[in-house]
Amino acid sequence: MEFSTHLKELRREKGISQEKLAEQIHISRSAVAKWENGLGLPAADSLHLLAEYFGIPEQELLPDRENAHALVEKNQIISRQDTLIDIMLASAVAAACILAVVLYAPLRQNIPPFVIGCLLVLLGIFNMRGNISSIHWYQRRKVTKENQPAYCRCMGIGTALCGIAVIIGVAFPDARGVLFSILLCAGLLLMVFAQFKYNKGLF
């Protein structure tokens, strides 16, 4: 079993949060999160404290440091690639927004709502890629790890649809009445659906 998975299971069996575990072994909560996401390994002293806290031998907690280290490096590369993709995506959306404002007169007269629409679309894409961190904690407190991808997709698509609705409402005033309402309602309904299906309620 991977160290990250093993640590998560041990913590859940004990019924404690990442923050509580961090307090017990005198480290930051972000370090625990990094370990559980497979993006880092504990130093020798932290490993000793972890093993002591859970009452198991260090060898059982981290049996093969060399292989675990290789896996962490692989996860770190994937994480950096995902970050780079997000940056490139954000840059592309920003460039498209600027170009649209420069070339299309109605947008120049309604820049604030247009920018809000673009940001909503970007946020929706970001969420669709599984980045649950951008959804407020109180809107995802009951979402299980297994349901997280589906929840992120629903919330992301819903947010993007709302953003597209705003952009269309600004760019094409004639279509505002029908298309704007359809897209906005579809987006909001999808987000409400995700909250009730995966989060067991809105709050």
Should [X] and [Y] be counted in the same cluster of Ile, Leu, Val, Met, Phe, Trp and Tyr side chains packed under 4.5 Å apart?
X	Y	value
Ile56	Phe3	yes
Leu122	Ile111	yes
Leu49	Val32	yes
Leu183	Phe193	yes
Leu190	Phe126	no

Looking at [atom1] of [X] and [atom2] of [Y], how far apart are the two atoms once the value is rounded to the nearest 0.5 Å?
X	Y	atom1	atom2	result
Ile168	Leu184	CD1	CG	11.0 Å
Asn127	Arg153	CG	CZ	12.5 Å
Lys8	Gln18	NZ	CD	8.5 Å
Glu60	Leu10	CD	CG	8.0 Å
Leu47	Ile25	CG	CD1	9.5 Å
Ile16	Gln24	CD1	CD	6.5 Å

What closest approach, in Å, do [X] and [Y] show between heavy atoms, and which atom pair accounts for it?
X	Y	value
Val166	Pro113	CG1-O, 3.2 Å
Ala150	Tyr198	CB-OH, 3.4 Å
Ala165	Phe180	O-CD1, 3.0 Å
Leu61	His6	O-ND1, 3.8 Å
Arg11	Leu21	CD-CD2, 4.1 Å
Gln76	Leu39	NE2-O, 3.0 Å

request  = In sequence, state the C-alpha distance, the side-chain angles, and the governing distance for Lys14 and Tyr53, and then conclude on side-chain contact (heavy atoms from CB on, under 4.5 Å).
outcome  = CA-CA 10 Å; Lys14 216 163 178 70; Tyr53 179 71; 3.5 Å; yes
query = Should Val121 and Ile125 be marked as a side-chain contact (heavy atoms from CB on, under 4.5 Å) after you check the CA-CA gap, both sets of side-chain angles, and the distance that decides it?
reply = CA-CA 6 Å; Val121 171; Ile125 295 169; 4.0 Å; yes
Heavy-atom side-chain proximity of [X] to [Y] below 4.5 angstrom:
X	Y	answer
Met155	Gln195	yes
Leu62	Leu50	no
Ile157	Leu161	yes
Ile167	Phe114	yes

ask   = If you count the non-hydrogen atoms of other residues, nucleotides and ligands that lie under 6.0 Å from CD in Glu19, is the total more than 12?
value =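 Counting other residues, nucleotides and ligands, CD of Glu19 stays at 12 neighbours or fewer.
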key: Test side-chain contact (heavy atoms from CB on, under 4.5 Å) applied to Cys162 and Met191, step by step   = CA-CA 10 Å; Cys162 290; Met191 287 192 283; 3.8 Å; yes
